[in-house]
**Q** 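Got a structure for you, written out below as structure tokens; questions coming shortly.
Note that the coordinates shown come from a computational prediction; the quantities given were computed from them, not determined experimentally.
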Amino acid sequence: MTKKKMKNYTLKLSGLEPLIVTPETNFVNIGERTNVTGSRKFLRLIKEERFDEALDVARDQVEGGAQILDVNMDEGMLDGKEAMVKFLNLIASEPDIARIPVMIDSSKWDIIEAGLKCIQGKGVVNSISLKEGEAKFIEQAKKVKMYGAATIVMAFDEDGQADTYERRIEICKRSYDILVDVVKFPPQDIIFDPNIFPVATGIPEHNNYAVDFFNATKWIKENLPGARVSGGVSNVSFSFRGNNAVREAMHSAFLYHAIKNGMDMGIVNPTMLEIYDEIPKELLDKVEDVLLNRNDNATEVLLEYADNVKGDGKKKERDLYWREQDVKGRITHSLVKGLTEFIEEDTEECRLLYPEPIQVIEGPLMDGMNVVGDLFGSGKMFLPQVVKSARVMKQAVAYLNPFIEAAKNGDVQANGKVLMATVKGDVHDIGKNIVGVVLGCNNYDIVDMGVMVPTQDIIKKAIEENVDVIGLSGLITPSLDEMVDVATEMEKAGLNIPLLIGGATTSRVHTAVKIEENYKSGQTIHVLDASRSVTVVEKLLGKTSEEFVTEIKSEYERVRENHAKKKTEKRLVAYDMALENKLKIDWKAKDIYKPNFIGNKTFDNFPLSELIPFIDWTPFFQTWQLAGRFPRILEDEVVGEQATSLFADAQEMLAKIEKEKWLTAKAVIGIWPANSNGKDNVFAYKDDSRNEVADTFYSLRQQTQKAKDLPNLSLADFIAPAETGLQDYLGGFVVTAGLGIEKYVQEYKDNLDDYNSILLKALADRLAEAFAELMHKKVREEFWGYAPNERLDNEELIKEKYQGIRPAPGYPACPDHTEKITLFKKLNATEEIGVELTESMAMFPAASVSGFYYAHPQSKYFGLGKIEMDQVKSIAERKGMEVDRMKRWLNPVVN
């Protein structure tokens, strides 16, 4: 295709102003910060319905040079369609934003179509593909054409993503021919994304990925008249996350060659670009050796070079300038940077300067930790760094302890003493440990009682130690009631110690409504996360504590009033009416899948190497209170550097865990003949003769009043009623990746290394969740086999793009933890894989996951919401349980 002929194909997009893309147009930048999967800030603003502030994000993108605005609302807890429509309508009323075209980005067609009805001018749909076959592709393309939009077409077909040159051009040619010849789609409105994949991964098959992209881009521009090419550039450098110098060079060099070959537009972070001509020649040569696959050892050479390059792209020499400071400055530097190498040497030098060894702690060490606290409080340090600082502090104190003991001159004067405990029945302690570290860094004496601590033990220890504050932690919903018990018993004991409440299931509303009311003598306060703990404790123990407590009491009184008002406003229907409004499925034999095996199957010592590719890293960073979606968080302007460092530490430990077999992963799954009773009971039969019910599972049903034609859902709705005559099935699972962890956690604790202790627990949790993801995939494709041709990458698995669900007891669709009793019995889980249930239904080891498998195409996740006592009485009667006991288990959802 000659350049002259190409001029006949002009891509014309528009907002209030036109964007004309010709062969002579420079590279077009697509702004993606208005994408809930790419910006944690934008997601938070949309979730909180702060749309005015969300518009400011869009405005910043336009002012920053974006020529197209990518808008995505795909997030599990959002009504994506409603959010897309509302945001696009708001954009339309802002001329400074609406002047550029909009790219409607979603994996859900109803959201795309709703967005197309809102935008003014001519936008872009991202994306369509042959992934679901030609019929669906044609249907969607016709609608895009009808709405007058351009479209991005992914190089993806029924067999998966294109990862070779041949597959790229084959899929793009097939897509183009269908669009142009069948749909009569304007060629100039077609934009291909031929998939940018990472290079220099160490896998030989990946070495030609960049070359294949360049060649495919050139082929598209020469053979598919009018078509454009786009892509996400940062993917190419993923192997070098953490090394910005190399990544910037790779992005610039990749763009240089991609644009030369015809790439028109793409998503590029301008802060991660080096000017091509200013890339140091030695680095550029090595980067281009990799990108252009110019020699067999290009990857090894670049990796070796990268290890010796720091942020500015120059060879790094060990920079010990800080060692020239006085000893106090050196100690502060070690604490702030988390460096242990010289801390004992500097601590000893400092000890010789002071009359008493205790004064080293009270003086330079606490001065340094105060700097850490100030930096953390002002947002200039992040949690992983603070935990590393604590490791340095503990090592210094441990060095001084023998000298202090010999001098017998007492302890350091702490700011206060805080008792911390995970409540009875709960084994989760990562968050509690982090809070303890942060408070310890701010000179609070921490009494950590560990996990599964009974109420009376907490009260007894608090009195013995004369503590100033008690902090309670819990992850599972039964822990909420345990916290109420602790508050009640503290009141009976006549205590007036401030009570801090924290953990994933806790909230300010629950604290105000359920806990504080039981503890009038002292003040109960909900603490959102570790970063708030220091401020709260300081105010509670400081000179203005009375004012602070008065303020909190007034605030919680308002919370209770608002809660009571909302409770009155919230309309719930009677349980019988909710049952009448159940999901009406048109039950058909073709939607019921007979499994490839029936019964239970155990997996012993499962290879960790198979779990690692299934890790969802975003929650890992959330554990460390670093907000952002992986992998974009590694490039985040605020937390990117710290996230990258943390990720590197995690990769190093993960390799050690796998190589040295620190953890053992086990699983047991089951698939059983089952039918519902047409209501909320699911019968699991002894065998496929279905003559004898072995176990019964009990579901809860939404009781919120629904709009017309919307059902009140229950998990039982997704299992065929026995009256249909159809033979349906139910599955269940328990997996763990935490066996053997205690030994290594204890070793880290013995070495005063909270950072690696927390890191190990966080990785074990991620491996357990990855195991659940992998086993569900195997169930869908092999063991149950209802989706044998599924081809989903890890990102699609994380977004739950598959058929079927795996709800877990204790989560929104199934908040009844007591269902675990039947599940564990059915799977013989404790005997088979060593996972136990505590009295509060927490699983031990903590890095364990359990749940059910549902296969029906209409099965989906949902939130139960609040229920009334009539349903509590019903399920108590069906389970043969006392109503008061059932209510206690369901307390968080009872209206």
Side-chain angles (χ1 to χ4, degrees), residues 160-161 163 197-206 209 235 237-242 299 303 384 430 603-624 626 628-634 643-667 669 733-741 744-745 756-782 790-802 806 833 835 845-849:
Q161 280 185 289
D163 58 0
F197 292 122
V199 293
T201 64
I203 300 173
E205 290 79 6
H206 299 178
Y209 274 171
N235 289 347
S237 67
F238 194 67
S239 299
F240 293 92
R241 52 196 179 276
T299 293
L303 286 170
I430 293 179
F603 300 83
D604 193 24
N605 203 12
F606 198 91
L608 296 180
S609 59
E610 293 188 33
L611 307 185
I612 292 171
F614 289 86
I615 290 177
D616 177 4
W617 285 102
T618 299
F620 170 79
F621 291 102
Q622 291 169 347
T623 296
W624 293 91
L626 297 177
R629 189 172 183 82
F630 181 83
R632 291 186 180 94
I633 190 174
L634 302 177
T644 299
S645 174
L646 177 63
F647 188 65
D649 289 345
Q651 293 301 305
E652 183 179 344
M653 180 176 283
L654 202 53
K656 193 176 291 187
I657 289 170
E658 181 190 355
K659 182 179 179 182
E660 299 178 11
K661 303 188 183 330
W662 287 10
L663 303 176
T664 299
K666 295 185 178 184
I669 65 169
F733 68 93
V734 179
V735 303
T736 184
L739 296 167
I741 193 173
Y744 299 97
V745 168
N756 279 307
S757 173
I758 293 169
L759 186 62
L760 176 56
K761 290 179 182 179
L763 287 173
D765 284 352
R766 288 298 90 216
L767 286 168
E769 294 288 351
F771 203 178
E773 190 74 77
L774 173 57
M775 291 311 302
H776 194 192
K777 178 179 173 68
K778 286 181 175 291
V779 165
R780 296 191 302 272
E781 296 179 3
E782 303 171 36
E790 179 183 281
R791 297 292 183 271
L792 300 176
D793 59 26
N794 197 39
E795 185 66 23
E796 289 171 309
L797 291 177
I798 290 168
K799 292 181 178 179
E800 299 162 354
K801 302 299 182 186
Y802 41 73
R806 60 168 192 277
I833 63 172
V835 179
S848 303
V849 183

**Q** With side chains defined as the heavy atoms from C-beta onward, is the minimum distance between Leu760 and Trp662 less than 4.5 Å?
**A**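 Side chain of Leu760 against side chain of Trp662, heavy atoms only: contact under 4.5 Å found.
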**Q** Is there a side-chain contact between Phe606 and Ile833 in this structure, where contact means two heavy atoms from C-beta onward sitting under 4.5 Å apart?
**A**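 Side-chain contact under 4.5 Å: no.
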**Q** To check you understand the geometry: which heavy-atom pair defines the closest contact between Ala764 and Leu663, and what is its length?
**A**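 Distance-wise, the nearest heavy atoms are CB-CD1, 4.0 Å.
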**Q** Looking at every non-hydrogen atom in both residues, tell me the closest pair between Glu610 and Phe614 and how far apart they are.
**A**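 Heavy atoms of Glu610 and Phe614 come nearest at O-CD1, 3.4 Å.
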**Q** Which heavy atom of Ala650 sits nearest a heavy atom of Leu763, and at what distance?
**A**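 Minimum heavy-atom contact is O-CD1, 3.7 Å.
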**Q** With sequence neighbours excluded, what pairs up with Glu795 under the side chain to side chain donor-acceptor pair (under 3.5 Å) test?
**A**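 Per chain and number, Glu795 pairs via side chain to side chain donor-acceptor pair (under 3.5 Å) with Arg629.
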**Q** Minimum heavy-atom separation for Thr736 to Ala847, with atom names?
**A**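 Reported closest heavy-atom pair: OG1-O, 3.1 Å.
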**Q** Hey, does Leu759 have a side-chain heavy atom less than 4.5 Å from the side chain of Trp624?
**A**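 Contact flag for Trp624/Leu759 side chains = yes.
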**Q** Could you list the residues that satisfy ring pair (Phe, Tyr, Trp, His ring centres under 6.0 Å) with Tyr209, not counting sequence neighbours?
**A**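 Applying ring pair (Phe, Tyr, Trp, His ring centres under 6.0 Å) to Tyr209 gives Phe197, His206.
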**Q** What class does the angle between the rings of Phe630 and Trp617 fall in, given that below 30° is parallel, 30 to 60° is tilted and above 60° is perpendicular?
**A**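 Tilted, since the angle between the ring planes falls between 30° and 60°.
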**Q** Would you indicate whether the side-chain heavy atoms of Val735 and His776 approach each other to under 4.5 Å?
**A**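 SC-SC contact between His776 and Val735 ruled out.
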**Q** Measure the shortest side-chain to side-chain distance between Phe771 and Val849 over non-hydrogen atoms and say whether it is less than 4.5 angstrom.
**A**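 The answer is no; the side chains never approach within 4.5 Å.
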**Q** On a heavy-atom basis, which atom in Ile669 and which in Val779 lie closest, and how many Å separate them?
**A**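 That would be CD1-CG2, 3.9 Å.
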**Q** Considering non-hydrogen atoms only, spot the tightest contact between Leu608 and Glu658 and give its length.
**A**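 Closest approach of Leu608 to Glu658: CD1-CA, 4.2 Å.
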